[in-house]
Amino acid sequence: MDKLRISGGRPLQGEVSVSGAKNAALPIMCAALLTSRSLALTNVPRLMDISTMTKLLAQMGVAVERSSDKMSLCAQGIKDPTASYDLVKTMRASVLVLGPLLARCGRAKVSLPGGCAIGLRPVDQHVKGLQAMGATITIEHGYMHAAAERLQGARIVMDLVTVTGTENLMMAAALAEGTTLLENAAREPEVVDLAKCLIAMGAKIEGAGSDVIRIEGVRSLGGASHRVMPDRIETGTYLAAAAAAGGRVRLTGAAPDTLDACLEKLREAGARIAVQHGSIEIEMAQRPAAVSVRTAPYPGFATDMQAQFMALATVANGTALITETIFENRFMHALELQRLGADISIQGNTAVVKGVERLQGATVMATDLRASAGLVIAGLVAEGQTVIDRIYHLDRGYEALEKKFAALGARVERIQ
Ligand code: EPU
């Protein structure tokens with residue numbers, strides 16, 4: 001199994017370009033299920049999660065072609081509206097096929113995702129919303145069996161803010177009869193990007209990006225072309241790495257306006273940040289100052305950036321409080337960071353991180369995608385060698401990670 005070997009202690013210097021956003025590309029690929037016409041995408045990242053989604057859609061009879069960052073999907077006929085446990089267990093985002101399949105085929109069979117390393121992650125809000133639109137959903141042998149003649153528009157007030165829940169219901173409502181109001185909707189930029197793609201396909205959607213989304217259902221949707229938005233979490237990860245290791249890094253092909261909370265915290269840590277249309281430059285000339293963060297739904301500080309900021313805090317000057325409010329078990333990286341010499345104590349959903357002068361390289365284990373990114377950052381600032389085991393987690397969500405870090409002068413290599 002592949003591992004990542006990092007020789008730390010060098011500042012980062014150079015330029016890298018940001019890839020398309022995984023968490024926008026995944027729901028947008030599922031939107032192809034809503035139409036018999038072709039959906040042409042660009043800026044699709046080359047990631048394991050994208051391959052998994054391709055496999056899942058192909059099993060249902062969707063024709064998927066891809067070359068470089070382009071992808072075309074055509075769901076002319078859907079032969080089997082089923083998402084099996086085998087694929088859903090490897091990627092929870094598979095649940096995003098539920099709404100589109102139900103809207104297009106009138107039925108769907110989707111495996112329950114089960115728990116995962118970062119928490120329980122139930123899908124009750126997806127189910128509740130579809131039921132409000134008239135679907136009957138039963139759970140048998142670990143599968144959700146959903147059926148509906150034609151979904152009906154409804155007013156749905158979500159109990160909590162859920163990103164894929166909002167996306168699933170928005171896609172289902174696009175083909176429902178009548179108007180759907182999604183209240184307490186997620187405001188994440190990925191929801192907005194999906195809405196843009198659906199609108200290009202002929203959907204009538206207003207308010208995406210706010211907490212009330214209004215969708216007027218249409219009979220059918222057509223084909224469209226869409227460019228996937230830049231990955232704000234990948235962008236934030238390279239910025240946090242530069243803040244921790246020091247140096248000067250420019251990221252191109254980015255969407256700075258989706259990173260306000262993250263940029264604000266990096267400035268608080270002492271980084272100089274210059275933003276231009278589509279690019280962000282960070283310069284860090286001194287040891288970072290400790291900054292506390294509290295995760296929250298967008299536009300708050302992203303839970304997907306929490307591990308990277310914990311890594312930054314381990315070498316900062318002072319004590320930082322890192323509070324996780326979205327997932328109940330997203331501190332697995334703290335134990336691994338301690339193996340590198342970090343001073344962290346966990347009190348409930350807060351990690352108290354006392355910055356140390358330096359970390360020391362060791363072998364550590366990746367537990368989930370963003371935890372792995374935090375460990376890479378820690379490895380870059382640690383003295384000596386750090387080996388990260390189970391890096392398949394990183395391949396799920398970071399395109400060409402070692403090449404991009406190498407372009408910044410870091411010594412990061414994949415070993416067997
Ligand atoms: N929740 C429920 N019931 C539901 C849905 C969610 O209780 O029906 C809870 C979850 O358990 C969690 C909270 O609501 O405590 C928020 O979860 P959300 O549904 O927003 O998460 P998600 O849609 O499953 C997406 C991203 C995650 C990211 C979260 C939060 C995708 C494919 N995934 O997950 O990304 O952490 O939103 O922003 O968009 C990652 O990329 O590494 C990743 C985990």
Side-chain angles (χ1 to χ4, degrees), residues 19-31 45 47-50 52-53 56 88 90-99 110 112-132 137 139 144 156-171 182 184-194 211 228-229 231-237 258 261-262 294-308 324-330 332-333 349 366-374 392-399:
S19 302
K22 163 179 87 78
N23 289 349
L26 291 171
I28 288 170
M29 287 172 75
C30 295
L47 299 169
M48 216 150 73
D49 273 8
I50 300 295
T52 306
M53 184 59 86
L56 182 65
V88 178
T90 65
M91 185 181 69
R92 299 182 48 88
S94 309
V95 77
L96 282 164
V97 300
L98 178 63
V110 176
L112 279 171
C116 76
I118 62 176
L120 283 173
R121 303 183 78 183
V123 289
D124 56 304
Q125 299 302 309
H126 304 232
V127 170
K128 184 180 117 172
L130 293 171
Q131 283 171 333
I137 302 184
I139 297 183
M144 297 182 271
I156 300 164
V157 185
M158 279 179 273
D159 297 350
L160 45 80
V161 177
T162 155
V163 178
T164 50
T166 301
E167 292 165 346
N168 229 338
L169 298 179
M170 188 163 73
M171 287 190 277
L182 294 180
N184 198 21
R187 292 180 281 170
E188 266 66 4
E190 292 77 11
V191 173
V192 178
D193 206 35
L194 170 64
D211 59 2
V228 176
M229 66 173 282
D231 196 315
R232 65 192 167 101
I233 306 300
E234 186 199 25
T235 309
T237 300
T258 61
C262 175
R294 184 182 181 84
T295 66
Y298 191 83
F301 186 87
T303 173
D304 286 345
M305 284 302 302
Q306 181 257 104
Q308 300 88 317
E324 174 58 55
T325 74
I326 309 290
F327 292 110
E328 67 278 11
N329 191 28
R330 211 174 195 181
M332 307 273 273
H333 41 282
N349 67 343
T367 50
D368 76 78
L369 171 56
R370 308 306 171 184
S372 320
Y392 55 84
H393 289 293
L394 278 169
D395 295 331
R396 292 186 51 191
Y398 287 93
E399 183 176 287

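When a ligand or atom number is given, it counts from 1 through the structure's own listing order.
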(request) Could you tell me whether the side chain of E234 and the main chain of S19 form a donor-acceptor pair under 3.5 Å? (result) yes
(message) Less than 3.5 Å apart, any donor N or O on the side chain of N349 or E328 sitting next to an acceptor on the other?
(response) no
(message) With a 4.0 Å heavy-atom cut-off, what residues sit around ligand 1?
(response) K22, N23, A93, R121, P122, V123, D124, Q125, H126, L160, V161, T162, V163, T164, T303, D304, I326, F327, R330, L369, R370
(message) Under a 3.5 Å threshold, yes or no: a donor from one side chain and an acceptor from the other, between N168 and H126?
(response) yes
(request) For the residue pair Q125 and T162, confirm or rule out a side-chain donor-acceptor distance under 3.5 Å. (result) no
(request) Would you indicate whether the side-chain heavy atoms of E399 and K22 approach each other to under 4.5 Å? (result) no
(message) Suppose the criterion is salt bridge (Lys or Arg N to Asp or Glu O under 4.0 Å): which pairs have a residue in residues 161-171, not counting sequence neighbours?
(response) none
